[in-house]
Every structure is written in structure tokens, then in C-alpha cells.
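One structure below.
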Amino acid sequence: MHVEHLWLKDFRSYPSVDLELTSGLCAVLGPNGMGKSNLLEAVGYLALLESFRGAPTDALIRSGTPSAVVRGSVRTAEREQLIEAELVASGRNRIQVNRQRLHRTRDLLGAVRITVFSPDDLALIKGGPGLRRSYLDQLLVSLDPRNDTLRSELERALKQRNALLKQTRGRLDEAAELTLEVWDAKVVAAGEELARRRADLIERIEPVVVAAYADVAGAQVPVTLRYDAPWRDVGLAAALQAARPDELRRGVTLVGPHRDDLSIALDGLPSRTHSSQGEQRSLALALRLASHRLVNEVVGSPPVLLLDDVFSELDPDRSAALLRSLPTGQTLLSTAAGLPEGVRADQVVTVTPGEVHSS
């Protein structure tokens, strides 16, 4: 899988871009602040229909213009697809695949798969559990787009359940109790299954993370992953029943997959509190690299790899080790510092204010 051609209009800092892309390593070079990450973000938009940097839609539209367009030609072993997105600051974005209107975002899942490495990845280790849950769920969807349906079912059920809990104001009459039991059943059905899939994924990816950490850090150190979901000891139905008094008082669902965590330990100690900054960064890279390898193994082709300024946070040894560890496939790498020694790019894109030049 690779993006053959990228067209942009009024996206971020670019009035217009028309860029053919190599199927190998493309180095995007230029000083900081020139828009290198914006190019990678545009490629990521073709897969996610949102910014991998967490930016809202209006931030993706060039200042002073009403809309932006991201268009990409994507080739896989089976077919070629044209994906087009028109972004508007107010209103609904318009998405087309092969000139046909896309009515549901999930219908595009799997058309383009990406793996993103960025300096913010350190938050996977140091940040809150929501980031690690997102890591697991995004990987589940990359492995099988149907997992997005399960995640959406749980989110809808939790939203309705939370709304009901708030409406009760701590007092549960008979009608509200019957309705709550309906939403309990939906949360239990989707939540138990999502937790099972997350736990199975962790068991499957743990040895891949161990190998990836050894590659990046240059040392064989035990890495252990555990799905942290205390409610699974009794089951979600029983856990919800036990938590009901507190939930009624606080107006929110307190137990379930939306509160779970991925616990990561290095050499038997919690990485979030006991690992050095260098070890934490190597762990974050290992998680991303492991997901990239696993998708490659399961799907049969590597995702498009976006390396967004990761070398600014890595020493030369880790930078070289990361590049040596990558599967073959399309890689877009942005850097202001130049390529690590000994690394040759198949394509070099130089970024200047509002323009790109390929060689």
C-alpha cells in the first residue's frame, strides 16, 4: 500500500500542492515552522479523516479561505483508489472515494492504513490511560475495520446510560430503573467483548513489543504488558450493579472498558514511574513499531509510515536503530536536522513557506 499522488488546496499553510510520492523512503526536509508536518498530516487525513495531531477542522483550513481540499491516489496490490476530502470550517465535510460520495466514515476504514511516530508518543508511557486505550482500539481497527462497529456500539450505550444517570439526579424510580437495566445490558454486551479483544491483542503483541524494544534500545530487557481491568474479576454486570449507588450520585458510569488501562512494565517495574526518559521513549517507539509489524503480518502489507520529526527527540543510535527496524514499504519522514548518517532517501521533498519541491 502506498500513496502515489497527493494534491492539496488551502490545506494548513499550503495554497496548492501537486506531489508525486515514492513507494519507498521520502524525506521531507526544511527548517522548523515551514510546514513539513502539514504534509504528513494531509497523508494521515486520507486514512483517518481527522488530524493525527488532534487539530480541529478549522485549524486545517488555510487562514482566510472558506475550505480546504485533500486528495490522494492510493494504490494497493488489488486496486487504485482516489480519496477526496473537502473540509469546511462550518458544516459537514464532503468525502468521495472514486468520485462517489462517502456517507459513513467507517466505510473508508482500511482503505488507507497508517502508522504515525511523533514526539508526542512519549505520552503513551507518561500520560493518562485514555491514550493507551486509544492505542489499543486504533490498532484493533487497523487489524480489522469491523472492530470500529463494536467500539461505536459501546460509546453510544455509555452516552445514553450517562445521560440517564444524570437525569435521575440520584433518585431511581421504577421506569428509570427499567431503562437503566436496558442500557446496562447493552454496555455489558459490547464492553465485555471489547475488553476480550483488547486483552487478546495485548497477549498477541507483547512478544512483538519485546523484540521491537530490543531493536530500538539495543538491549534485551523484559517488557511486560497487562490489561488493567479490575471489573473482569467479577464480570461487568456485577461490577455495574455494585457501582450503581456511586454512579447515581455522580451521574456517570464508573466501571467498564472506558476506564481500563494498558499497564506497561520494564524489567518488572512500572514504566510510567520507574523508567528513565530514554527508556520511556524507546518503549513508546517499540509500541508503535510493534503495531506496524503486526498489521504488516496480519494484513499482508505494511501501513504507510509517517515519521513526524521523531529524530529531534532521539539520539543518533536510536534514530539509526529505528530506521534499521522498519519493514519495507512507503515511509514519509519529516526532519529539520537532516537524515541520520548512512540513510539514503528514495525521494527528497524540500519545504519552503507555502511550497514543496521534489527531487
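Counting begins at 1 with the first residue of the sequence.
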Exercise for the section: Assess whether side-chain contact (heavy atoms from CB on, under 4.5 Å) is satisfied between L333 and V343, documenting all intermediate values. Expected result: CA-CA 12 Å; L333 179 162; V343 176; 5.8 Å; no
Exercise for the section: Give a yes or no on whether the backbone of D309 and the side-chain of S334 come within a donor-acceptor separation of less than 3.5 Å. Expected result: yes
Exercise for the section: Using atom types as modelled and distance alone, determine if a side-chain donor or acceptor of R71 lies under 3.5 Å from a backbone N or O of L82. Expected result: no
Practice task
Sequence neighbours left out, what pairs pass salt bridge (Lys or Arg N to Asp or Glu O under 4.0 Å) with at least one residue falling in residues 204-231?
Solution key: D215-R293
Problem - Partner set under ring pair (Phe, Tyr, Trp, His ring centres under 6.0 Å) for W7, not counting sequence neighbours - result: H5
Problem - Criterion side-chain contact (heavy atoms from CB on, under 4.5 Å) on D260 and Y227, from CA distance to verdict - result: CA-CA 8 Å; D260 297 346; Y227 188 47; 2.6 Å; yes
Problem - With A284 via side chain to side chain contact (heavy atoms under 4.5 Å, CB included) - residues at least two apart - result: D121, I125
Practice task
Flag yes if more than 12 heavy atoms outside E181 fall under 6.0 Å of its CD atom; otherwise flag no.
Solution key: yes
Fill in the blank from the handout: side-chain hydrogen bond (donor to acceptor under 3.5 Å, both in side chains) pairs touching residues 60-70, sequence neighbours excluded, are D10-R62
Exercise for the section: Give a yes or no on whether E80 atom CD has more than 12 heavy-atom contacts from other residues, nucleotides or ligands under 6.0 Å away. Expected result: yes
Handout entry: By side chain to side chain contact (heavy atoms under 4.5 Å, CB included) - contacts of R101 (at least two apart)
Key = R94, H103
Name every donor-acceptor pair, under 3.5 Å, that has one atom in a side chain of residues 238-248 and the other anywhere in the protein, sequence neighbours excluded.
residue	atom	partner	partner atom	Å
R244	NH2	D184	OD2	2.9
D246	OD1	R249	NH1	3.0
D246	OD1	R249	NH2	2.9
E247	OE1	R161	NH1	3.0
E247	OE1	R161	NH2	2.9
E247	OE2	L254	N	2.8

Practice task
Using salt bridge (Lys or Arg N to Asp or Glu O under 4.0 Å) as the criterion, list what pairs up with D144, not counting sequence neighbours.
Solution key: R146
Practice task
May I ask you to test the V182-Q160 pair for a side-chain heavy-atom distance under 4.5 Å?
Solution key: no
Problem - Contacts of type side-chain hydrogen bond (donor to acceptor under 3.5 Å, both in side chains), residue D346, not counting sequence neighbours - result: none
Problem - Q96 atom CD, neighbour heavy-atom count above 12 within 6.0 Å - result: yes
Handout entry: R196, CZ atom: more than 12 neighbouring heavy atoms under 6.0 Å
Key = yes
Exercise for the section: Could you check if a side-chain atom of K159 sits within less than 4.5 angstrom of a side-chain atom of W183, using non-hydrogen atoms only? Expected result: no
Exercise for the section: Indicate whether the side chain of S275 and that of Q280 have a donor and an acceptor atom separated by less than 3.5 Å. Expected result: no
Exercise for the section: Answer yes or no: is there a donor N or O on one side and an acceptor on the other, between the side chain of E279 and the main chain of S276, under 3.5 Å? Expected result: yes
Practice task
Without swapping roles, check the side chain of R113 against the backbone of S142 for a donor-acceptor pair under 3.5 Å.
Solution key: yes
Exercise for the section: Taking the side chain as every heavy atom from C-beta outward, state whether V74 and V304 have any pair of such atoms under 4.5 Å apart. Expected result: no
Exercise for the section: Could you give me the CA-CA distance, side-chain angles and deciding distance for N38 and R53, then say whether side-chain contact (heavy atoms from CB on, under 4.5 Å) is met? Expected result: CA-CA 10 Å; N38 298 347; R53 299 155 79 184; 3.0 Å; yes
Exercise for the section: Begin with the C-alpha distance, continue with both residues' side-chain angles, and end with the deciding distance and a verdict on side-chain contact (heavy atoms from CB on, under 4.5 Å) for L154 and V187. Expected result: CA-CA 6 Å; L154 178 61; V187 168; 4.2 Å; yes
Handout entry: Side chain proximity check, L124 to R288, heavy atoms < 4.5 angstrom
Key = yes
Exercise for the section: Before giving the answer on salt bridge (charged side-chain N to carboxylate O under 4.0 Å, His left out), spell out for E193 and R197 the whole-Å C-alpha distance, their side-chain angles and the decisive distance to 0.1 Å. Expected result: CA-CA 6 Å; E193 180 60 20; R197 294 184 191 184; 2.8 Å; yes
Exercise for the section: Could you point out which residue of R198, R151, R132 forms a side chain to side chain donor-acceptor pair (under 3.5 Å) with D137? Expected result: R198
Completion exercise
Residue set satisfying side-chain hydrogen bond (donor to acceptor under 3.5 Å, both in side chains) with Y213, at least two apart, ordered chain then number -> none
Handout entry: Members sharing V88's hydrophobic cluster (side chains within less than 4.5 Å)
Key = none
Exercise for the section: Establish whether V295 and L285 are linked, either directly or via other cluster members, by ILVMFWY side-chain heavy-atom contacts under 4.5 Å. Expected result: no
Exercise for the section: Determine the minimum heavy-atom distance between V223 and V210, stating which atoms define it. Expected result: O-CG2, 3.4 Å
Handout entry: Shortest non-hydrogen contact between M1 and A111, atoms and distance
Key = CE-O, 3.5 Å
Exercise for the section: Under the side-chain hydrogen bond (donor to acceptor under 3.5 Å, both in side chains) rule, collect the residues that match up with S358, sequence neighbours excluded. Expected result: Q347
Table please: side-chain donor-acceptor pairs of residues 21-36 below 3.5 Å, with sequence neighbours left out.
residue	atom	partner	partner atom	Å
T22	OG1	G24	N	3.1
K36	NZ	G30	O	3.0
K36	NZ	P31	O	3.0

Exercise for the section: Determine, using the 4.5 Å side-chain heavy-atom cutoff (strictly less than), whether V188 and L150 are members of one ILVMFWY cluster. Expected result: yes
Practice task
Determine yes or no for a side-chain-to-main-chain donor-acceptor pair under 3.5 angstrom, with N296 supplying the side chain and H292 the backbone.
Solution key: no
